[in-house]
Amino acid sequence: MAPNRVTLIALTALAPVSWGTTYAVTTEFLPADRPLFTGLMRALPAGLLLLALARVLPRGAWWGKATVLGALNIGAFFPLLFLSAYRLPGGMAAAVGSIAPLCVVGLSALLLGQRPTGRTLIAGTVAAGGVSLVVLKAAGALDPLGVLAALTSIASMSTGTVLTQRWGRPEGVGPLALTGWQLTAGGLLIAPLALLIEGAPPALDGPAIGGYLYLALVNTAVAYWLWFRGIGRLTATQVTFLGPLSPLTAAVVGWAALGEALTPWQLAGMAMAFGATVAGQLAPAPRRKGLERGEPERKASRHRETTDCHPSAAASCK
């Protein structure tokens with residue numbers, strides 16, 4: 001694997017590592033039972049900041065595309081994620097989320113024409129099993145609404161990941177602007193729901209303000225910029241196989257900062273999930289005709305007849 005590709009994967013991996021701190025920040029510093037408000041505070045300030053930095057707005061069909069991607073990756077995903085975390089015991093929400101690589105593999109086959117390999121399917125199964133060993137704990141009956149929210153959040157984010165790669169970016173638009181579009185669109189979709197369902201914003205103390213600033217700036221603005229940048233240059237499957245790093249980070253943070261013990265089974269699960277994550281980056285990319293990834297849509301149409309794309313060039317192959 002080329003050094004620049006290793007660097008790209010490592011930078012993209014910083015996103016799920018950052019997301020792994022969300023649970024600790026939420027439980028230790030933020031108001032309880034406010035999933036919509038928390039999702040809003042993560043998305044909208046970060047989106048507006050990135051829009052101000054990028055100074056680029058969507059044009060033409062991209063108003064609709066940015067809204068769809070913002071709804072899938074942010075507007076639906078954030079509230080559903082927090083709702084499942086509030087209603088499910090232990091690490092059940094993270095365990096359900098560990099099936100995301102398999103969801104993306106299936107959607108990539110359906111929407112991008114990328115045929116999954118046996119190694120990819122095995123790695124996805126091992127990742128899910130490893131994460132389950134890390135996060136699952138003894139618990140009572142599961143909440144049906146929490147399970148439904150967790151499954152729907154994964155379906156939403158997985159679809160958004162695949163469509164982000166399928167549509168790519170408009171010519172001349174970088175990942176910073178694309179991230180800002182999605183975060184802003186998602187935040188604007190959450191805002192009225194938060195007001196109608198949860199009412200006025202809660203009173204915030206110093207730790208809560210600090211927690212929301214961290215979530216908006218580091219955990220969202222920077223992390224999602226790295227994530228969507230990675231989606232534009234790696235395969236959707238490679239990117240989503242970095243996802244298990246999030247619950248693994250959460251387990252490490254719980255052990256180091258919150259005094260939670262790690263059992264031998266959890267350590268074994270961490271080794272399994274991390275090994276599957278590495279395997280997901282080494283797995284051969286599926287074959288598909290088209291252009292090299294990262295080409296803008298206009299260039300894609302100009303070269304489509306004369307160029308074969310990288311096996312997973314979803315951003316430009318229609």
Side-chain angles (χ1 to χ4, degrees), residues 9-33 35 38 42 77-78 81-101 123-140 142-143 146-147 149-150 153-154 157 206-208 210-220 222-224 226-227 239-281:
I9 292 172
L11 288 174
T12 307
L14 291 177
V17 168
S18 170
W19 299 334
T21 65
T22 303
Y23 177 78
V25 172
T26 300
T27 57
E28 296 298 311
F29 303 113
L30 303 185
D33 299 323
T38 299
R42 280 191 70 186
F77 177 69
F78 277 10
L81 176 69
F82 282 108
L83 178 61
S84 64
Y86 282 130
R87 299 186 71 96
L88 292 180
M92 177 57 71
V96 174
S98 68
I99 67 172
T125 303
V126 172
V131 170
S132 297
L133 287 177
V134 173
V135 300
L136 288 183
K137 301 175 183 178
L142 297 181
D143 180 89
V147 173
S153 71
I154 295 308
M157 184 66 168
Y212 280 125
L213 284 174
Y214 169 78
L215 289 182
L217 297 178
V218 178
N219 192 269
T220 303
V222 174
Y224 271 89
L226 290 172
W227 186 253
V239 171
T240 198
F241 263 103
L242 297 173
L245 294 176
S246 180
L248 297 187
T249 301
V252 172
V253 170
W255 166 75
L258 304 180
E260 298 176 359
L262 289 175
T263 68
W265 282 109
Q266 286 178 303
L267 294 175
M270 293 174 72
M272 288 172 57
F274 186 76
T277 296
V278 174
Q281 310 310 310

*Give the minimum heavy-atom separation between Ala15 and Ala223, together with the two atoms involved.*
CB-O, 3.3 Å

*asked:* How close do Ala127 and Pro244 get, counting heavy atoms only, and between which atoms?
replied: CB-CG, 4.1 Å

To the nearest 0.5 angstrom, please state how far the [atom1] atom of [X] sits from the [atom2] atom of [Y].
| X | Y | atom1 | atom2 | result |
| --- | --- | --- | --- | --- |
| Thr125 | Met272 | OG1 | CE | 10.0 Å |
| Leu215 | Thr38 | CG | OG1 | 7.5 Å |
| Leu226 | Leu242 | CG | CG | 11.5 Å |
| Thr12 | Gln281 | OG1 | CD | 8.5 Å |
| Thr220 | Tyr214 | OG1 | OH | 9.0 Å |
| Arg42 | Leu30 | CZ | CG | 10.5 Å |

*Are the side chain of Thr277 and the backbone N or O of Phe241 linked by a donor-acceptor pair below 3.5 Å?*
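It does hold such a pair.
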
*Has the side chain of Ser153 got a donor or acceptor atom that lies under 3.5 Å from a matching backbone atom of Ala150?*
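Between the backbone of Ala150 and the side chain of Ser153 there is a qualifying donor-acceptor contact (under 3.5 Å).
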
Would you say that [X] contacts [Y] through its side chain, given a criterion of any heavy-atom pair below 4.5 Å between the two side chains?
| X | Y | value |
| --- | --- | --- |
| Trp227 | Ser18 | no |
| Phe274 | Leu245 | yes |
| Met270 | Leu133 | no |

*Who are the side-chain hydrogen bond (donor to acceptor under 3.5 Å, both in side chains) partners of Thr22, not counting sequence neighbours?*
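For Thr22 the side-chain hydrogen bond (donor to acceptor under 3.5 Å, both in side chains) partners, ignoring immediate neighbours, are Asn219.
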
_Non-neighbouring partners of Tyr224 that pass ring-ring contact (aromatic ring centres under 6.0 Å, His included), sequence neighbours left out_ =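 Residues passing ring-ring contact (aromatic ring centres under 6.0 Å, His included) with Tyr224: Trp19, Phe78, Phe228.
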
*With Ala24 via side chain to side chain contact (heavy atoms under 4.5 Å, CB included) - residues at least two apart*: Val253, Leu258

